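As the structure is a prediction and not an experimental result, all values here were calculated from the model.
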Amino acid sequence: MTTTYTREDIRNKARELAKMMAETEEVDFFKRAEKQINEHLKVQELIAQIKKLQKEAVNLQHYGKAEALKEVEAKIDALHEEIDSIPLVQEFKSSQIEVNELLQMVSNTISKAVTEEIITSMGGDLVKGTTTKNPYFDGGCQ
């Protein structure tokens, strides 16, 4: 006899998995790096300048000021490059990538396991990726 789970059962297991993931080295490093970024005055100043220029760019775009918009966008790009050159920011971005990879790994693992469970439970063929046996195809070469 197979067990049938409810959405709430699955949601609870997802919360449990989320808690486990939040306690990994990758997430711990990410949290520490984000805290340092938030406390880094130079980074915060640069972010504030970018936000100000982005608002200016929206206004310039709205009023059709193409040349002024290009200048502001160039300033924004230069500020992004300056931020990206700060080692702490590089570490933070690297930690973001690692956390995203962890999330992607979990998502892919769940997806693959669900697919395999469906195929297996329907008497299908995991190698072919089919859920039922096709009477017109035996898989051999002729």
Side-chain angles (χ1 to χ4, degrees), residues 1-134 136-141:
M1 184 170 127
T2 60
T3 304
T4 303
Y5 296 99
T6 66
R7 287 178 179 265
E8 189 60 29
D9 294 333
I10 294 168
R11 198 173 291 116
N12 289 336
K13 284 290 184 186
R15 285 187 192 108
E16 185 179 326
L17 180 58
K19 185 172 176 6
M20 288 173 62
M21 291 174 66
E23 295 173 3
T24 61
E25 287 181 27
E26 294 89 345
V27 172
D28 185 55
F29 185 85
F30 172 82
K31 290 189 294 189
R32 284 185 281 123
E34 184 173 33
K35 184 177 187 300
Q36 289 178 330
I37 290 260
N38 290 335
E39 295 171 350
H40 194 284
L41 292 179
K42 180 68 174 172
V43 171
Q44 293 309 309
E45 287 172 8
L46 292 169
I47 290 171
Q49 288 177 31
I50 289 171
K51 286 180 180 180
K52 181 181 173 212
L53 288 171
Q54 286 173 332
K55 287 179 184 178
E56 188 177 330
V58 169
N59 288 332
L60 291 170
Q61 187 174 22
H62 178 73
Y63 291 111
K65 308 275 186 176
E67 284 305 312
L69 178 60
K70 282 183 186 177
E71 289 178 27
V72 169
E73 287 175 339
K75 289 178 185 177
I76 291 170
D77 289 343
L79 289 170
H80 275 292
E81 286 179 22
E82 188 176 346
I83 285 178
D84 288 343
S85 71
I86 298 170
L88 177 62
V89 173
Q90 293 170 1
E91 289 176 12
F92 176 71
K93 286 186 172 190
S94 177
S95 73
Q96 280 182 313
I97 290 168
E98 288 185 28
V99 170
N100 284 335
E101 287 173 351
L102 178 63
L103 290 167
Q104 194 62 47
M105 183 257 324
V106 169
S107 178
N108 290 340
T109 301
I110 291 170
S111 178
K112 185 175 186 239
V114 168
T115 299
E116 289 175 356
E117 185 61 34
I118 290 169
I119 291 170
T120 303
S121 70
M122 294 180 69
D125 186 331
L126 285 174
V127 175
K128 294 177 187 170
T130 57
T131 55
T132 58
K133 299 198 185 310
N134 187 334
Y136 301 105
F137 179 72
D138 66 4
C141 295

ask   = Taking only residues at least two apart or on different chains, which pairs with a member in residues 91-105 satisfy salt bridge (Lys or Arg N to Asp or Glu O under 4.0 Å)?
value = D84-K93

request  = With sequence neighbours excluded, tell me which residues meet salt bridge (charged side-chain N to carboxylate O under 4.0 Å, His left out) with R11.
outcome  = E8

ask   = If only atom types and distance count, is the side chain of T109 paired as donor or acceptor with the main-chain N or O of M105 below 3.5 Å?
value = yes

task = Sequence neighbours left out, what passes side-chain contact (heavy atoms from CB on, under 4.5 Å) with V27? Give chain and number order.
result = T24, K31, V99

ask   = CE of M21: more than 12 outside heavy atoms within 6.0 angstrom?
value = yes

inquiry  = What's the separation between atom CG in L17 and atom CD1 in I110, rounded to the nearest 0.5 Å?
reply    = 6.0 Å

message = Can you pull out every ring pair (Phe, Tyr, Trp, His ring centres under 6.0 Å) where at least one residue sits in residues 38-86? Sequence neighbours excluded, please.
response = none

inquiry  = Let me confirm one number: the CD1-CD1 distance from I37 to I86, rounded to the nearest 0.5 Å.
reply    = 7.5 Å

key: ring pair (Phe, Tyr, Trp, His ring centres under 6.0 Å) pairs, two or more places apart, involving residues 95-119   = none

query = Any side-chain heavy-atom pair from N108 and K112 closer than 4.5 angstrom?
reply = no

message = Within this structure, what is the CD-CD1 distance for the pair Q104 and I97, rounded to the nearest 0.5 Å?
response = 13.5 Å

task = Measure the spacing between NZ of K13 and CD1 of I10 and express it to the nearest 0.5 Å.
result = 11.0 Å

message = Under the rule for side chain to side chain donor-acceptor pair (under 3.5 Å), what residues qualify as partners of D28, not counting sequence neighbours?
response = R32

query = Which pairs pass ring pair (Phe, Tyr, Trp, His ring centres under 6.0 Å) with one or both residues in residues 83-112, sequence neighbours excluded?
reply = F30-F92

request  = Could you pull out all residues at least two apart from E39 that satisfy salt bridge (charged side-chain N to carboxylate O under 4.0 Å, His left out)?
outcome  = K35

ask   = When rounded to the nearest 0.5 angstrom, what distance separates OG in S95 from CD in E25?
value = 13.0 Å

Can you give the donor-acceptor pairs under 3.5 Å from side chains of residues 69-79 to other protein atoms, not counting sequence neighbours?
none

task = For E34, check salt bridge (charged side-chain N to carboxylate O under 4.0 Å, His left out) against everything at least two apart and list the hits.
result = none

query = With sequence neighbours left out, which residue pairs that include part of residues 45-58 fulfil the salt bridge (Lys or Arg N to Asp or Glu O under 4.0 Å) condition?
reply = none

ask   = How would you list, by chain and number, every residue that makes a salt bridge (charged side-chain N to carboxylate O under 4.0 Å, His left out) with E117, sequence neighbours excluded?
value = none

inquiry  = If we ignore hydrogens and angles and just use 3.5 Å, is the side chain of T115 paired with the main-chain N or O of S111 as donor and acceptor?
reply    = yes

ask   = Distance from L126 atom CG to I118 atom CD1, nearest 0.5 Å?
value = 11.5 Å

